[in-house]
Amino acid sequence: MNTELNRLMALMTGDEKHGPAATSTLDALWVLYDRVLRVTPQTSSAPGRDRFLLSKGHGPMAYYAVLAAKGFFPEELLAGFGSYESPLGHHPDRLLVPGAEIGSGSLGHGLPLGVGTVLGLKAQQLTAPRVWVLIGDAELDEGSVHEAIAYAGPAGLEQLHTVVIDNASASYGTPGGIAARFEAAGWSALTVDGRDHEELYGAFTASHPGRPHAVVARVEPKNA
């Protein structure tokens, strides 16, 4: 499927496409939408759907390619990416992009929104939907992300999952690595090759009763 996704991504052009930020997320996004997330174009408004929140919204090309491949909108829209009249902006807009749960792009917003989404689902007694948030490793520089990590673990938000795309772009290192930061806050955490679809799938579907779950997807900086 990567050949098809690359073809779809190639339809999007322009100076502001943030290609490296997009290509580093492509494999993780495809595995999620193809094999893990319980959401389709037909169920994108259903209360029981899984929610996916793209916190790393400043590089949405891969996201748009995957949504188009899965039928959320026609691929013909991709060629207009970033143009004035296109719904596909340089940051995704949930009011314009079919399938998008949040508007994003500014660093540090997605994981706190994921925490709030899980709490909202619990308040409605919707315990089956899973919430997935994709963040970049540089977002770990944001205090709002650390607050979300620190809250979700002790709160036992089992419905919450995050994928951290680690392409070594964070300003500050974490002792023991990124996964250790999540584990210290009571999360389940695994580190995998961010290009290996089977490793990603195994980590995405790992059991983590009573705890939120983080998957650190390592992508070599030269390929990111």
Side-chain angles (χ1 to χ4, degrees), residues 1-3 5-6 8-10 12 14-37 52-67 81-82 90-92 102 104-114 132-146 148-149 161-185 187-204 206 212-224:
M1 187 63 197
N2 274 6
T3 300
L5 291 175
N6 288 335
L8 293 173
M9 287 184 66
M12 292 173 275
D15 294 334
E16 298 296 328
K17 63 183 182 180
H18 289 283
T23 55
S24 64
T25 68
L26 183 60
D27 295 279
L29 283 168
W30 178 250
V31 174
L32 279 172
Y33 271 90
D34 190 50
R35 302 173 65 181
V36 178
L37 291 173
F52 173 78
L53 282 58
L54 181 70
S55 186
K56 189 179 177 179
H58 56 283
M61 289 174 60
Y63 185 45
Y64 293 158
V66 170
L67 288 175
F81 167 69
H90 295 130
H91 293 183
I102 61 171
S104 59
S106 298
L107 298 183
H109 291 176
L111 197 56
L113 286 170
W132 285 85
V133 184
L134 188 147
I135 69 175
D137 59 334
E139 293 191 79
L140 295 171
D141 292 349
E142 301 292 331
S144 55
V145 174
H146 286 280
I149 294 171
H161 308 72
T162 188
V163 184
V164 184
I165 302 298
D166 178 13
N167 53 20
S169 62
S171 299
Y172 306 103
T174 302
I178 292 174
R181 170 67 186 92
F182 285 88
E183 289 170 341
W187 288 57
S188 164
L190 295 170
T191 301
V192 298
D193 180 346
R195 304 289 190 191
D196 188 312
H197 289 201
E198 293 308 315
E199 283 194 25
L200 286 165
Y201 178 73
F204 291 164
H213 184 52
V215 176
V216 181
R218 300 189 66 178
V219 179
E220 292 295 327
K222 65 181 179 179
N223 296 325

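Note: hydrogens, waters and symmetry copies are ignored here, and every other heavy atom, side chains too, is used. The chain is numbered in sequence order, starting from 1.
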>> Is there a side-chain contact (heavy atoms from CB on, under 4.5 Å) between Leu8 and Tyr64? Walk through the geometry before answering.
In response: CA-CA 9 Å; Leu8 293 173; Tyr64 293 158; over 6 Å; no
>> Would you call the rings of His161 and Trp132 parallel, tilted or perpendicular, taking 30° and 60° as the class edges?
In response: parallel
> Parallel, tilted or perpendicular for Phe81 and His90, by the 30°/60° rule?
Replying inline: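 The arrangement is perpendicular - the two ring planes meet at more than 60°.
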> Looking at Val164 and Gly136, what are the two nearest heavy atoms and their distance?
Replying inline: CG1-C, 4.4 Å
>> To check you understand the geometry: which heavy-atom pair defines the closest contact between Val133 and Gly114, and what is its length?
In response: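 Looking at all heavy atoms of both residues, the closest pair is CG2-CA, 3.9 Å.
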>> Please evaluate residues Asp137 and Val216 with respect to the criterion side-chain contact (heavy atoms from CB on, under 4.5 Å), reporting the C-alpha separation (whole Å), side-chain torsions for both, the decisive distance (0.1 Å), and the verdict.
In response: CA-CA 9 Å; Asp137 59 334; Val216 181; over 6 Å; no
Does a side-chain heavy-atom distance below 4.5 Å link [X] with [Y]?
{"X": "Arg181", "Y": "Leu140", "answer": "no"}
{"X": "Leu134", "Y": "Tyr63", "answer": "no"}
{"X": "Arg35", "Y": "Leu200", "answer": "no"}

> Got a sec, which residues hit side chain to side chain donor-acceptor pair (under 3.5 Å) with Thr191, two or more places apart in sequence or on another chain?
Replying inline: none
> Can Glu139 and Leu111 be said to form a side-chain contact (heavy atoms from CB on, under 4.5 Å), step by step?
Replying inline: CA-CA 9 Å; Glu139 293 191 79; Leu111 197 56; over 6 Å; no
> For Ile102, what residues pass the side chain to side chain contact (heavy atoms under 4.5 Å, CB included) criterion, not counting sequence neighbours?
Replying inline: Leu53, Ser104, Leu113
> Run the side-chain contact (heavy atoms from CB on, under 4.5 Å) check on Val163 and Phe204 step by step: do they pass?
Replying inline: CA-CA 9 Å; Val163 184; Phe204 291 164; 3.7 Å; yes
